[in-house]
Colleague: 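Okay, here's the structure, questions in a sec.
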Amino acid sequence: MKRPAGPIDPRLTMLAHDLIDRVADKWTMLTLEVLTEDAPLRFSRLAEKVTGVSQKMLTQTLRQMERDGLVTRTIFPVVPPRVEYELTPLGLSLGGAFCGVWVWASDNLEEVERARRAFDAKAAQA
C-alpha cells in the first residue's frame, strides 16, 4: 500500500478518521449492504432487513448517512406520507470500496479459521 507523497492535508486526515468511525459502525455497514442489494426501501422494510436494529438506531444511522451524502431520503406527498431511502452514487462507491473486505474474507477464510482454532486450542490449554 502506498501513502500519498508529501504532507497529508489535515482535513483529509479528519475526514478519513470520521468516515472510518462512521462506516466501521455495525449499523452503517449493514444498512449500506441492504441498500446496495435492494433499494429504494421504505423505513419499515429496511428495518426488517437490517436484523436486530432498533427504530431509534436505524433513524440515527440513516440521518448520519444522509448528512454524509451516502443516502437520499425521498418523501412522497401522499397520505399517509411515504418515505424511501436509497444510496447516492457516493454511497454506492463507498459500498464498492468495502467489497474489498468481502474479497479478502473469501480469499483468507480458511487461514483465519485455522488461526482461530490454533489460538482457541492454546487458550484452552492455559
Side-chain angles (χ1 to χ4, degrees):
M1 234 168 107
K2 289 176 109 178
R3 184 189 143 133
I8 296 177
D9 184 332
R11 294 172 306 153
L12 176 59
T13 300
M14 224 165 119
L15 177 61
H17 289 180
D18 187 44
L19 287 174
I20 289 168
D21 286 345
R22 168 82 38 240
V23 177
D25 169 65
K26 172 184 179 179
W27 301 120
T28 301
M29 287 297 294
L30 292 174
T31 302
L32 188 66
E33 181 181 356
V34 167
L35 288 174
T36 297
E37 294 173 4
D38 192 15
L41 285 174
R42 294 177 75 166
F43 184 90
S44 58
R45 188 75 176 118
L46 185 55
E48 290 171 9
K49 291 181 171 262
V50 180
T51 308
V53 71
S54 68
Q55 182 175 346
K56 178 182 177 183
M57 196 70 236
L58 183 57
T59 298
Q60 289 174 354
T61 300
L62 287 166
R63 282 187 182 151
Q64 190 59 52
M65 290 176 77
E66 186 178 8
R67 181 177 182 262
D68 290 338
L70 304 175
V71 167
T72 57
R73 179 177 182 257
T74 304
I75 303 168
F76 294 90
V78 294
V79 178
R82 184 177 63 146
V83 178
E84 290 184 343
Y85 296 89
E86 189 168 14
L87 291 178
T88 63
L90 186 63
L92 285 167
S93 69
L94 181 61
F98 279 91
C99 279
V101 173
W102 285 91
V103 171
W104 182 91
S106 176
D107 290 349
N108 295 285
L109 175 65
E110 297 297 326
E111 188 173 344
V112 170
E113 286 181 343
R114 265 193 308 279
R116 287 178 175 177
R117 282 191 301 272
F119 181 90
D120 292 347
K122 282 182 192 176
Q125 292 174 357

Colleague: Tell me, please, which residues at least two apart from Gln55 pass side-chain contact (heavy atoms from CB on, under 4.5 Å).
Modeller: Phe43, Thr59
Colleague: Under 3.5 Å, which donor-acceptor pairs link side chains of residues 85-97 to any protein atom two or more places apart or in another chain?
Modeller:
{"unit_1": "Tyr85", "atom_1": "OH", "unit_2": "Arg73", "atom_2": "NE", "d": "3.2"}
{"unit_1": "Thr88", "atom_1": "OG1", "unit_2": "Gly69", "atom_2": "O", "d": "2.5"}
{"unit_1": "Thr88", "atom_1": "OG1", "unit_2": "Leu70", "atom_2": "O", "d": "3.3"}
{"unit_1": "Thr88", "atom_1": "OG1", "unit_2": "Leu90", "atom_2": "N", "d": "3.3"}
{"unit_1": "Thr88", "atom_1": "OG1", "unit_2": "Gly91", "atom_2": "N", "d": "3.0"}
{"unit_1": "Ser93", "atom_1": "OG", "unit_2": "Leu90", "atom_2": "O", "d": "2.8"}

Colleague: Measure from the side-chain N and O atoms of Asn108 to the backbone N and O of Glu111, and report whether any donor-acceptor pair falls under 3.5 Å.
Modeller: no
Colleague: Starting from Phe76, can I reach Leu62 by hopping between I/L/V/M/F/W/Y residues whose side chains sit under 4.5 Å apart?
Modeller: no
Colleague: Mind checking the CE-OG1 spacing from Met57 to Thr31? Nearest 0.5 Å is all I need.
Modeller: 9.0 Å
Colleague: Using side-chain contact (heavy atoms from CB on, under 4.5 Å) as the criterion, list what pairs up with Lys56, not counting sequence neighbours.
Modeller: Ser54, Gln60
Colleague: Run the salt bridge (charged side-chain N to carboxylate O under 4.0 Å, His left out) test against Glu84 and tell me which residues pass, sequence neighbours left out.
Modeller: Arg82
Colleague: Quick one: list whatever passes side-chain contact (heavy atoms from CB on, under 4.5 Å) with Arg116, sequence neighbours left out.
Modeller: Val112
Colleague: Please name all residues satisfying side-chain hydrogen bond (donor to acceptor under 3.5 Å, both in side chains) with Arg42, sequence neighbours left out, ordered by chain then number.
Modeller: none
Colleague: Using a strict threshold of under 4.0 Å (side-chain N to carboxylate O), is an ion pair present between Glu48 and Arg45?
Modeller: yes
Colleague: Quick test of your reading: applying salt bridge (charged side-chain N to carboxylate O under 4.0 Å, His left out), list the pairs with at least one residue in residues 28-39, sequence neighbours left out, ordered by first then second residue.
Modeller: Asp38-Lys49
Colleague: Holding to side-chain contact (heavy atoms from CB on, under 4.5 Å), I want the full list of residues that pass it with Arg67, two or more places apart in sequence or in another chain.
Modeller: Gln64
Colleague: So if I apply the side-chain contact (heavy atoms from CB on, under 4.5 Å) rule between Leu35 and each of Leu30, Val50, Leu41, which one comes out positive?
Modeller: Leu41
